[in-house]
Amino acid sequence: QVHLVESGGGLVQAGGSLRLSCAASGRSLSTYSMGWFRQAPGKERQFVAVISGRGVTIKYTDPVKGRFTITRDNAKNTVYLQMNSLKPDDTAVYYCAGDMRNFAGTSISDYDSWGQGTQVTISS
């Protein structure tokens with residue numbers, strides 16, 4: 001497993017932007033698919049975005065398409081989630097996750113490493 005630490009969360013107004021980072025240690029991320037998930041209060045954790053090890057495959061959940069961008073810098077062992085045009089519905093704890101099989105999946109069960117999460121709060 002790889003150790004993952006998210007950062008970059010915070011409180012912003014609707015329409016604003018945030019960039020989340022997920023830094024890894026313990027192993028190189030270059031062979032891992034990396035995903036972002038989020039969990040709003042009282043709701044299940046849901047898929048947001050995924051990028052494959054070399055960045056060839058990228059997927060987004062429909063509600064964030066056109067607003068969020070997932071990228072990675074394997075040299076820095078870091079994955080990013082740029083979030084623009086934020087809405088109150090984006091409020092959640094955001095988690096990054098790693099899949100050593102590099103399947104670029106969208107299910108929680110596809111991932112074997114998880115960060116501790118970072119809170120994102122969007123005010124209306």
Side-chain angles (χ1 to χ4, degrees):
Q1 288 188 343
V2 62
H3 182 62
L4 303 173
V5 178
E6 302 96 333
S7 61
L11 171 64
V12 299
Q13 290 187 333
S17 298
L18 283 173
R19 188 176 83 153
L20 305 183
S21 299
C22 174
S25 60
R27 287 192 176 188
S28 170
L29 283 186
S30 63
T31 58
Y32 280 66
S33 286
M34 296 300 298
W36 285 97
F37 288 74
R38 65 186 180 185
Q39 188 166 15
K43 296 187 177 181
E44 295 183 349
R45 193 172 299 188
Q46 296 180 327
F47 167 77
V48 175
V50 61
I51 185 168
S52 61
R54 297 297 182 185
V56 174
T57 300
I58 294 176
K59 303 175 186 175
Y60 299 97
T61 187
D62 284 347
V64 309
K65 286 180 179 177
R67 300 189 298 122
F68 290 11
T69 303
I70 187 170
T71 58
R72 64 190 301 155
D73 185 338
N74 287 340
K76 295 183 178 179
N77 234 24
T78 302
V79 178
Y80 305 97
L81 185 68
Q82 177 68 43
M83 306 187 296
N84 299 328
S85 302
L86 284 161
K87 305 175 181 180
D89 285 350
D90 295 319
T91 294
V93 177
Y94 283 70
Y95 298 89
C96 74
D99 169 22
M100 64 185 301
R101 304 167 304 164
N102 200 23
F103 281 3
T106 61
S107 298
I108 291 173
S109 60
D110 291 328
Y111 295 85
D112 45 76
S113 299
W114 291 86
Q116 82 290 347
T118 185
Q119 177 70 48
V120 171
T121 304
I122 312 303
S123 63
S124 57

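No hydrogens, no waters, no symmetry mates; every other heavy atom, side chains included, goes into these values. Predicted model, so just to flag it, every value in this text is computed and none were measured.
- Partners of Arg101 under the side-chain hydrogen bond (donor to acceptor under 3.5 Å, both in side chains) rule, at least two apart in sequence or in another chain, are Asp99.
- Atom CG of Leu4 is separated from atom OG of Ser113 by 5.5 Å, given to the nearest 0.5 angstrom.
- Here Lys43 pairs with nothing under the salt bridge (Lys or Arg N to Asp or Glu O under 4.0 Å) rule; sequence neighbours left out.
- In terms of the side chain to side chain contact (heavy atoms under 4.5 Å, CB included) criterion, Glu44 has no residue partners (sequence neighbours excluded).
- Not a single donor-acceptor pair under 3.5 Å links the side chain of Arg45 to the backbone N or O of Ile108.
- Tyr60 meets the ring pair (Phe, Tyr, Trp, His ring centres under 6.0 Å) test with no other residue; sequence neighbours excluded.
- Rounded to the nearest 0.5 Å, atoms CD (Gln46) and CD (Gln39) are 9.0 Å apart.
- For Thr61, there are no side-chain hydrogen bond (donor to acceptor under 3.5 Å, both in side chains) partners, not counting sequence neighbours.
- Residues Asp112 and Tyr32 have side chains in contact (heavy-atom distance under 4.5 Å, counting atoms from C-beta outward).
- Phe47 and Trp36 are assigned to two separate hydrophobic clusters, defined by single-linkage of ILVMFWY side chains at heavy-atom distances under 4.5 Å.
- Under the side-chain hydrogen bond (donor to acceptor under 3.5 Å, both in side chains) criterion, no residue pair touches residues 47-57, with sequence neighbours excluded.
- The distance from the CD atom of Glu6 to the CD atom of Gln119 is 12.0 Å, given to the nearest 0.5 Å.
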Check residues 75-82 and write down every donor-acceptor pair under 3.5 Å in which the side-chain atom is one partner and the other belongs to a residue at least two apart or another chain.
unit_1 : atom_1 : unit_2 : atom_2 : d
Asn77  : OD1    : Leu29  : N      : 2.8
Asn77  : ND2    : Ala24  : O      : 3.3
Asn77  : ND2    : Arg27  : O      : 2.9
Thr78  : OG1    : Lys76  : O      : 2.9
Gln82  : NE2    : Asn84  : OD1    : 2.9

Report, one line per pair, each donor and acceptor closer than 3.5 Å where one atom sits in a side chain of residues 91-98; sequence neighbours left out.
unit_1 : atom_1 : unit_2 : atom_2 : d
Thr91  : OG1    : Pro88  : O      : 3.0
Thr91  : OG1    : Ile122 : N      : 2.9
Tyr94  : OH     : Arg38  : NH1    : 2.9
Tyr94  : OH     : Asp90  : O      : 2.6

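- Criterion: ILVMFWY side-chain heavy atoms under 4.5 Å apart, direct or through other members. Under it, Val64 and Val12 are part of a common hydrophobic cluster.
- The side chain to side chain contact (heavy atoms under 4.5 Å, CB included) check on Ser123 picks up Leu11, Gln13, with sequence neighbours excluded.
- Ser28 is linked by a side-chain hydrogen bond (donor to acceptor under 3.5 Å, both in side chains) to Ser30, counting only residues two or more places apart in sequence or in another chain.
- Both Ile58 and Phe68 are part of a single hydrophobic cluster, where members link through side-chain heavy atoms under 4.5 Å apart.
- For Ser7, the side chain to side chain contact (heavy atoms under 4.5 Å, CB included) criterion is met by Ser21, not counting sequence neighbours.
- Linking Ile, Leu, Val, Met, Phe, Trp and Tyr whenever their side-chain heavy atoms come within less than 4.5 Å leaves Val50 and Met34 in two separate clusters.
- Residues passing the salt bridge (Lys or Arg N to Asp or Glu O under 4.0 Å) test with Asp89: none are found, sequence neighbours excluded.
- To the nearest 0.5 Å, the span separating OH on Tyr111 from CZ on Phe37 amounts to 5.0 Å.
- Contact annotation: the side chain of Thr31 never approaches that of Met100 to less than 4.5 Å [non-hydrogen atoms, C-beta and beyond].
- Nearest heavy-atom pair across Ser33 and Asn102 is OG-OD1, 2.7 Å.
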